[in-house]
Amino acid sequence: MPLSVEEIADMAQKGSLKLRADHFADPVVSDVFSTHLACSELEFKVLEYTEKSMTARGHCAVRALGKEPCRAVATFLRADPPDGTVVGFTLLVDAPGWRLPEPFPAFDLSPLRSLGAQSLVAAFNAVPGTKEEGGEKEQKAEKEAEGKKGAEAEAEEAGQEQTSVPSRAPVLSGARWKLPDLAEPVLFLASAQKDQRTLEGKLTVGSTEIEARTEESRDPKSWKLDAKAESISFSDISTLAEQTMGSGLPASLAGLTLQELGFTVSSTESERKFEAKASAEFPLTPDVQTQVGLDMKIAIKDGTAEENTGEDAPAAKEGAAKEETTKDRAIEVTVKGSFALGPTEDEEPSMRFDLEADKDPESVGLTATSVFEDGIPLGKVLAALLPTTASPTAGVPNLLPPVKKISLRYTAPKAPDVATLVLAAETPRGDEAVLVLAGRNGEKR
């Protein structure tokens, strides 16, 4: 008998979910129990339950992985259209080691461990299948080959039963990075392995799922992960960087949505690198949005690591990635970029700025500079930064000679604080002018 949404919530609040194959009508879902979970009933000890997303976090023992309970996350699927019942679930389980037994795909996931992944995972997709007439696609091809088309073929198909076929791979293997409290992990699930050195799959960062691949090189020995995303939040990429590198990206850009992102995480025995390029709409002032191109890098040089030579060293290598103490460990975070101001429909932008965020990931400040060999009127600079209703250029051009250098110091807001923009202008003879612009931090930046 199908489980209801209320029954799932009630069992979760009591601390234990018991799921049976006969709770689910779709044979694709019930088949996951016998074929992949290797049981007819699954007991899930719940530590945390989120009712809105129907996500349970806790531990469960999957016979296909071993007898011991492992950390797990289960997300349940409501019927569509909603009728109050649960029609399936996805289950993500930490594996007890770094090798998965059959029937799991025999992928070599060691590059992910070398890139900082903390646990091997098994993903079970007990989700409803798609419906197909007659259950076999080949039947349609046979009819066409025999000349059975049009009304005759439709009449035959009308009498056939619909069969459910899997809409997703029922079981996947992969790895996850750090799992913060009540937050989703950075997750890689493999879909194919090429020549035993290249692994293809999908990387989930926050709510975004993107195509990715890992690759191993032997001379010198190194690993890398490449991925691209059309659109993703800067905060999600900073989370990925923190979990794979141990350091996030500058907080001054946390409100941005990155477009056309491409990034690589690479690792050798002595160094690990994160490199990314993207563009974004940047709110320089409350009234001025500008397109900024970003070049982001994190480099970690580990120096000499202290080896684990104790009796538990082999177990540490087979289990979750071990923590190592390093000497002379150096972390360098840089985010640079460029943007233009003052464009018209048919003309080139009048000002181009080089941007650099503060190196401290906790900092909310960045600096942009622009140099003009022939000088530029200060009034023209202000006209690009202030709303026209403020009459920013009234009387200004006569106050100072053309300026040769403009520096902008931007400090991102921390709600309900104020975002500030300080403009410093320098003339050819060394005179300086400083203006402070400020805008209230709203919901939309």
Side-chain angles (χ1 to χ4, degrees), residues 28 31-32 35-38 62 64-66 70-75 88-127 129 166-179 184-218 221-230 232 236-237 239-241 243-245 261-267 272 274 317-321:
V28 170
D31 186 59
V32 171
T35 305
H36 302 289
L37 292 172
V62 175
L65 294 175
C70 298
R71 181 158 54 176
V73 178
T75 301
F89 62 93
T90 61
L91 179 66
L92 187 68
V93 184
D94 280 12
W98 276 86
R99 294 175 184 171
L100 291 176
E102 293 183 355
F104 298 95
F107 295 148
D108 179 10
L109 297 164
S110 58
L112 298 173
R113 186 183 182 190
S114 301
L115 293 170
Q118 295 182 330
S119 179
L120 194 65
V121 297
F124 300 89
N125 289 316
V127 300
S167 57
R168 304 184 199 173
V171 62
L172 294 169
S173 58
R176 68 158 178 83
W177 282 259
K178 180 182 178 182
L179 181 61
E184 296 301 321
V186 173
L187 179 69
F188 179 90
L189 292 178
S191 59
Q193 185 147 24
K194 309 291 185 181
D195 66 29
Q196 291 301 310
R197 295 190 185 181
T198 302
L199 197 62
E200 297 178 346
K202 290 187 177 180
L203 185 69
T204 301
V205 185
S207 59
T208 304
E209 190 177 78
I210 55 182
E211 299 293 330
R213 58 185 289 168
T214 67
E215 187 174 355
E216 177 186 3
S217 298
R218 292 185 176 177
K221 192 172 184 179
S222 63
W223 296 264
K224 71 175 181 178
L225 181 149
D226 291 308
K228 293 182 179 180
E230 292 184 5
I232 191 170
D236 282 346
I237 285 301
T239 297
L240 170 70
Q243 295 187 16
T244 58
M245 301 292 295
L261 170 75
F263 69 89
T264 298
V265 182
S266 58
S267 174
R272 186 176 296 175
F274 171 92
K317 290 182 180 179
E318 288 297 321

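Note that the numbering runs from 1 along the sequence shown for the chain. Here the structure is a predicted model, which is why all the values come from computation and not from measurement.
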Quiz item: Which of these passes side chain to side chain contact (heavy atoms under 4.5 Å, CB included) with Arg176: Val186, Val121, Leu92?
Solution: Val121

Self-check item: Partners passing ring-ring contact (aromatic ring centres under 6.0 Å, His included) against Phe107 (at least two apart in sequence or in another chain)
Solution: none

Practice problem: Could you pull out all residues at least two apart from Asn125 that satisfy side-chain contact (heavy atoms from CB on, under 4.5 Å)? | Solution: Thr90, Val127, Arg168, Leu172

Quiz prompt | Minimum heavy-atom distance between Gly174 and Leu120, given as atom pair plus value | solution = O-CD1, 3.1 Å

Quiz item: Do side-chain atoms of Ser191 reach the backbone of Glu200 as a donor and acceptor pair under 3.5 angstrom?
Solution: yes

Quiz item: Can you name the closest pair of heavy atoms from Gln193 and Gln196 and give their distance?
Solution: NE2-O, 3.6 Å

Practice problem: Check whether any side-chain heavy atom of Phe263 lies under 4.5 Å from a side-chain heavy atom of Ile210, and answer yes or no. | Solution: yes

Practice problem: Could you grab the distance from atom NZ of Lys224 to atom OG1 of Thr198, nearest 0.5 Å is fine? | Solution: 9.0 Å

Quiz prompt | Non-hydrogen side-chain atoms of Lys228 and Glu211 separated by less than 4.5 Å | solution = no

Exercise. Evaluate the side-chain proximity of Phe89 to Val32: yes if any heavy-atom separation is below 4.5 Å, no if none is.
Key: no

Quiz item: Any side-chain heavy atom of Leu189 sitting closer than 4.5 Å to one from Lys202?
Solution: no

Quiz item: Looking at Gln118 and Trp98, what are the two nearest heavy atoms and their distance?
Solution: C-CZ2, 4.0 Å

Quiz item: Hey, what do you get for CG (Leu187) to CG (Leu240), rounding to the nearest 0.5 Å?
Solution: 11.5 Å

Exercise. Without swapping roles, check the side chain of Trp177 against the backbone of Leu115 for a donor-acceptor pair under 3.5 Å.
Key: yes

Self-check item: Distance, nearest 0.5 Å, that separates CG of Leu199 from OG of Ser173
Solution: 7.5 Å

Exercise. Taking all heavy atoms of Ala64 and all of Pro101, pick out the closest pair and write down the distance.
Key: O-CG, 3.3 Å

Quiz item: Do the non-hydrogen side-chain atoms of Trp223 and Leu112 ever get within less than 4.5 Å of each other?
Solution: no

Quiz item: Is the closest side-chain heavy-atom distance between Phe104 and Leu65 below 4.5 Å?
Solution: yes

Self-check item: Minimum-distance pair of heavy atoms, taken over all atoms of Ala74 and Leu91
Solution: CB-CD1, 4.0 Å

Self-check item: From CG (Asp236) to CG (Leu261), nearest 0.5 Å
Solution: 10.5 Å

Quiz item: Does a side-chain heavy-atom distance below 4.5 Å link Thr244 with Leu225?
Solution: no

Quiz item: Distance from Ser222 atom OG to Glu215 atom CD, nearest 0.5 Å?
Solution: 8.5 Å

